[in-house]
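Presented below is the structure to which this report refers.
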Amino acid sequence: MFGPLSFSLAPQVAKSRSVYNLLKPISDWYAQASGYRQMGLKYDDLLLEERDDVQKAIGRLNERESYDRMYRFRVASQASVQHKDLPKEQWIKKEDDVRYLKPHVEEVWKEDMERAKWDSIQVQKK
Amino acid sequence: MLAARSAASKASRLSRSFATVVDAAGVKVAAADYGQPTSAVTVLVKAGSRYEPKPGVANVLKNFAFKATTSRSALGTVRESELYGGVLSSNLTREHLAVTAEFMRGDEEYFVDVLSTFVTSSKFTPWELSESVLPAVAEETRAASGDSATRAIELAHALAFRNGLGASLFAPSHPSVTIDDVKAFAAQTFGKGNVAVVGTGISQDKLAKLVEKHFASSASAESPSSSATKYHGGESRQGLHTDLQTAFIGFGTSGVPSPELAVLAGYLSPQPSVKWSQGTSPLSSALPVGTTAQTVYLPYSDASLFGVLVQASSVDGVKEGVKASVKALKDASTSVNPEGLQKAIAKAKFSAASIAENRDGLVASVASKLLSNSDVSLEAVQKSIDGVSASAFTKAVASLLKSKPTYVAVGDTNALPYADEIGM
């Protein structure tokens, strides 16, 4: 629930089949209505990147992923300058909007947590 | 008196017990317990630089030691080992990769687990490669490139053996090693039949049991292929701004290393037996003041490189030193005085024995023998050195000198002598 990036109820929702089925259409509609896909962005492009752990995670993307990320930013800023969305055929499709960065952020977060654990560990002699 | 005798007999029993190599779950295990207060366990893998498919892969794999495995992260390994007070290290030679843990007696369960997980379940994540491994590799390369002696020996290997043994221990300064190369090399070499475990300060049964438990999941691997080594020789010069001018003149042989070359190293070695004195070897009296020389004898499983490394602050000193070395070698190929040979044999025996006394030397001396199923006892080595006769010695030196020399000059390349100027 308390991940590295924000507070989220999604894991709890996903546990229950009926609640998930109830909320999924709403979440799909909400994601589409947010407008980032219309600018050629994926959801993980919106993650707050002015943080050490997210910066480290961005560094772990492979070459293709980080190139594509920069390319989407270029396209989106051009769309922003022109004050209009991309033509519809260039919108990011729902199935292409994958969480490419989140696993890396979580990995880095786990490492930071582990470091904190080792930094404050209480050793007991058996 | 009795106590002394029983101690002596115990010592001989222990040294014999080292020679027995047991098979634990397909992994060869050798251990010796001389009653040291600490233990050390080394996992040897036949993954030296001679087997690497691409320049630098072996060095990168070496620096991947103690990184994340499926059972613990790199940080966890370091912190937990610190809590136990152990020291972890990895070492690469041309033949083997050695991963070592030194620790207090009683902590073997944990440290054998750390060593075995590197072999059985390393994760080899791409970000560890870029975040921590490649910087370490680059730093090692940088440090080695500033040391003229290391550079000369590396160059000499490249000239002498070209491929295989000629591959450098260090990565190129801009290695093109990807994580897939490392994974492929590890998959090829990490496995039963290619791994041996050497322990000191730990009993053989205990180590064998631990190895059996921790390496049970290890897949079997075939011995990595490497074509039979051929000696080539040649000349090379490399510019380097240092205070020390360096030259190496050497010769190589292919085939199993012969004891004659070990004796030759002892015969020529100008290292004095007493501090602040001049040695009595034929080379030491001929060296100009301020010039240092050391004999380099590097035996490998199917070849050996013998030579003299000469260093001095002035180019003239190096020139004189190399000329003296060549002359001493030529003299040794025609005749040798019996007294000098006696001294050389004693020196070679002592250095073979004293190397086996410290941990690193012991591992290095049994490494090749462990993974090729031959006799690992010190007595056998001593006996072969003892058996060197004067005629066999001069014959061996003469046939060594017949091959094309390997000559390397590192330093001021404008002034350092060329191979045809040193009296070859």
Side-chain angles (χ1 to χ4, degrees), chain A residues 1-6 11 42-73 96-126, chain B residues 60 63-64 66-88 103-114 117-118 121-138 174-184 210:
Chain A
M1 204 190 308
F2 296 98
L5 297 162
S6 63
K42 295 183 179 182
Y43 182 74
D44 271 1
D45 297 336
L46 309 182
L47 294 189
L48 187 66
E49 67 169 71
E50 288 81 7
R51 294 167 46 144
D52 289 343
D53 48 0
V54 180
Q55 280 300 319
K56 202 168 184 180
I58 290 170
R60 290 181 178 190
L61 294 174
N62 65 33
E63 263 177 59
R64 178 82 219 177
E65 284 166 344
S66 58
Y67 179 90
D68 285 352
R69 179 181 158 89
M70 290 320 295
Y71 182 77
R72 287 194 300 273
F73 282 157
D96 290 338
D97 189 6
V98 288
R99 306 297 302 268
Y100 67 96
L101 187 56
K102 193 180 160 209
H104 291 293
V105 177
E106 277 170 348
E107 186 84 19
V108 173
W109 182 67
K110 263 188 221 150
E111 284 169 22
D112 289 346
M113 286 287 129
E114 194 193 354
R115 184 172 289 275
K117 186 194 97 185
W118 282 109
D119 280 348
S120 57
I121 196 164
Q122 299 271 331
V123 184
Q124 273 168 344
K125 203 153 192 161
K126 267 190 260 177
Chain B
V60 171
N63 280 291
F64 251 113
F66 314 118
K67 293 285 178 282
T69 64
T70 47
S71 50
R72 56 177 79 78
S73 69
L75 182 81
T77 307
V78 173
R79 292 293 173 96
E80 209 169 336
S81 304
E82 278 176 352
L83 287 174
Y84 281 107
V87 179
L88 304 172
F103 47 88
M104 299 298 288
R105 273 170 187 269
D107 296 337
E108 51 271 348
E109 174 82 44
Y110 166 73
F111 283 98
V112 171
D113 184 48
V114 167
T117 48
F118 168 56
S121 60
S122 272
K123 274 187 185 162
F124 297 120
T125 56
W127 48 89
E128 270 178 327
L129 178 68
S130 56
E131 284 171 15
S132 56
V133 173
L134 282 181
V137 168
H174 297 285
S176 61
V177 178
T178 65
I179 194 71
D180 295 325
D181 297 331
V182 181
K183 273 184 188 162
L210 285 172

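Here is how names work: the chains are called A, B, and so on, in the same order as the sequence lines, proteins then strands, and each is numbered from 1.
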Could you check whether atom NZ of A/Lys110 has more than 12 heavy atoms from other residues, nucleotides or ligands sitting under 6.0 Å from it? no

Is it true that atom CG of A/Asp52 has more than 12 heavy atoms of other residues, nucleotides or ligands lying nearer than 6.0 Å? no

Can you confirm whether more than 12 heavy atoms, excluding those of A/Phe73, are under 6.0 Å from its CZ atom? yes

Rounding to 0.5 Å, atoms NE2 (A/His104) and CH2 (B/Trp127) come to a distance of 6.0 Å

For the atom pair CZ (A/Arg60) and CD (B/Glu131), what is the distance rounded to the nearest 0.5 Å? 4.0 Å

Is it the case that atom CZ in A/Arg115 sees more than 12 heavy atoms from other parts of the structure closer than 6.0 Å? no

Segment of B/Glu80 engaging chain A (4.5 angstrom heavy-atom cut-off): both

